[in-house]
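Report on the following structure.
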Amino acid sequence: EAGVAQSPRYKIIEKRQSVAFWCNPISGHATLYWYQQILGQGPKLLIQFQNNGVVDDSQLPKDRFSAERLKGVDSTLKIQPAKLEDSAVYLCASRRPGRGELFFGEGSRLTVL
Amino acid sequence: AQTVTQSQPEMSVQEAETVTLSCTYDTSESDYYLFWYKQPPSRQMILVIRQEAYKQQNATENRFSVNFQKAAKSFSLKISDSQLGDAAMYFCAYRGSDMRFGAGTRLTVKP
């Protein structure tokens with residue numbers, strides 16, 4: 001079974017620019033998560049989708065971050081405009097219905113200069 | 001909101017020895033899962049072990065086992081016969097109505 005796919009793996013941008021990350025979850029996994037992991041810290045949930053509906057986006061900075069999962073499969077996370085403190089690894093994870101564990105992608109590392 | 005606390009930022013173990021990583025959590029939910037994830041440097045987060053809260057028996061996966069104390073809300077990970085490849089960040093995680101991670105414990109394995 002193919003794992004969670006993320007792209008790009010690395011991105012360097014200037015502050016105030018925009019960036020988008022893409023995630024394709026494992027086939028059949030209805031639940032999709034986006035996490036932000038700042039160096040040396042644990043992952044922080046940004047948004048959780050169930051199919052194409054948002055379950056939890058309470059920690060998503062909505063003034064600059066947006067995410068969508070239009071067809072209930074792949075998802076895009078966008079940051080516009082980026083700030084220095086957005087430098088982090090953005091992790092996508094998915095989970096099948098009824099199962100506990102999350103499966104993670106390799107992450108997208110963002111550096112904001 | 002549920003919180004997960006890992007009180008050991010760093011731990012070190014000699015190769016072939018045993019080490020225990022600590023985790024406590026706070027929740028008012030009765031149905032949940034607990035996990036330990038391993039994250040090697042610049043590599044993917046992978047599941048080490050999982051525990052369903054309704055199960056009294058502690059989970060084991062080869063050299064990895066947990067000590068789940070539901071009343072105390074404690075969930076420690078024991079790694080036996082430590083290997084160099086065990087060196088990584090270890091994250092304790094809780095999944096109930098949401099999914100939360102601890103801050104992590106960096107494990108160093110000394111040859």
Side-chain angles (χ1 to χ4, degrees), chain A residues 1-11 23-26 29-50 53-60 87-111, chain B residues 1-10 21-25 27 29 31-55 59 61 64 66 68 75 77 88-108:
Chain A
E1 146 178 277
V4 176
Q6 288 189 248
S7 67
R9 288 293 312 280
Y10 305 93
K11 189 74 175 180
C23 172
N24 191 34
I26 294 172
H29 284 202
T31 308
L32 185 148
Y33 305 79
W34 282 102
Y35 286 88
Q36 180 192 58
Q37 187 177 24
I38 293 172
L39 186 64
Q41 298 182 17
K44 180 185 109 174
L45 179 67
L46 292 175
I47 190 167
Q48 176 185 345
F49 291 96
Q50 180 71 23
V54 175
V55 174
D56 183 355
D57 64 355
S58 57
Q59 298 189 88
L60 186 74
S87 294
V89 176
Y90 291 86
L91 298 169
C92 180
S94 68
R95 176 175 63 83
R96 74 180 73 157
R99 293 288 291 176
E101 67 266 30
L102 275 60
F103 293 83
F104 285 84
E106 292 182 310
S108 294
R109 183 179 298 275
L110 174 65
T111 301
Chain B
Q2 286 66 243
T3 59
V4 179
T5 302
Q6 293 180 250
S7 59
Q8 305 154 315
E10 296 185 359
L21 308 184
S22 302
C23 173
T24 58
Y25 60 96
T27 185
E29 299 175 324
D31 186 22
Y32 53 88
Y33 295 86
L34 295 164
F35 309 91
W36 280 97
Y37 279 89
K38 171 185 177 181
Q39 189 178 42
S42 299
R43 293 184 63 185
Q44 198 167 3
M45 184 105 64
I46 58 173
L47 179 69
V48 174
I49 197 164
R50 56 175 273 170
Q51 174 82 43
E52 291 91 338
Y54 67 86
K55 290 186 177 180
E61 287 287 343
F64 299 88
V66 298
F68 174 45
F75 183 61
L77 174 70
M89 284 290 289
Y90 285 82
F91 293 98
C92 178
Y94 168 101
R95 188 178 85 77
S97 56
D98 65 357
M99 181 85 182
R100 304 283 173 172
F101 286 81
T105 297
R106 181 177 303 279
L107 178 66
T108 302

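A, B, ... follow the sequence lines: proteins, then strands. Residue 1 opens every chain.
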Greatest number of heavy atom pairs closer than 4.5 Å to chain A - which of B:Arg106, B:Met45, B:Arg43: B:Met45
Spacing of A:Phe103 atom CZ and B:Leu47 atom CG [to the nearest 0.5 Å]: 7.0 Å
Which portion of B:Tyr32 sits near chain A, non-hydrogen atoms under 4.5 angstrom: neither
Closest heavy-atom pair and its distance - A:Tyr33, B:Arg95: OH-CD, 4.0 Å
Flag side-chain contact, heavy atom, 4.5 Å: B:Phe91 against A:Gln37: yes
Heavy-atom contact with chain B under 4.5 Å, split by part of A:Gln41: backbone
All side-chain hydrogen bond (donor to acceptor under 3.5 Å, both in side chains) counterparts of A:Trp34, not counting sequence neighbours: A:Ser75
Distance, nearest 0.5 Å, that separates CZ of A:Phe104 from OH of B:Tyr37: 5.0 Å
Interface moiety of A:Gln6 toward chain B, non-hydrogen atoms closer than 4.5 Å: neither
For B:Met99 against A:Leu102, the heavy-atom pair lying closest together: SD-CD1, 3.8 Å
Proximity breakdown for B:Gln39 and chain A, heavy-atom pairs closer than 4.5 Å: side chain
Under the side-chain hydrogen bond (donor to acceptor under 3.5 Å, both in side chains) test, residues paired with B:Thr108 that sit two or more places apart: none
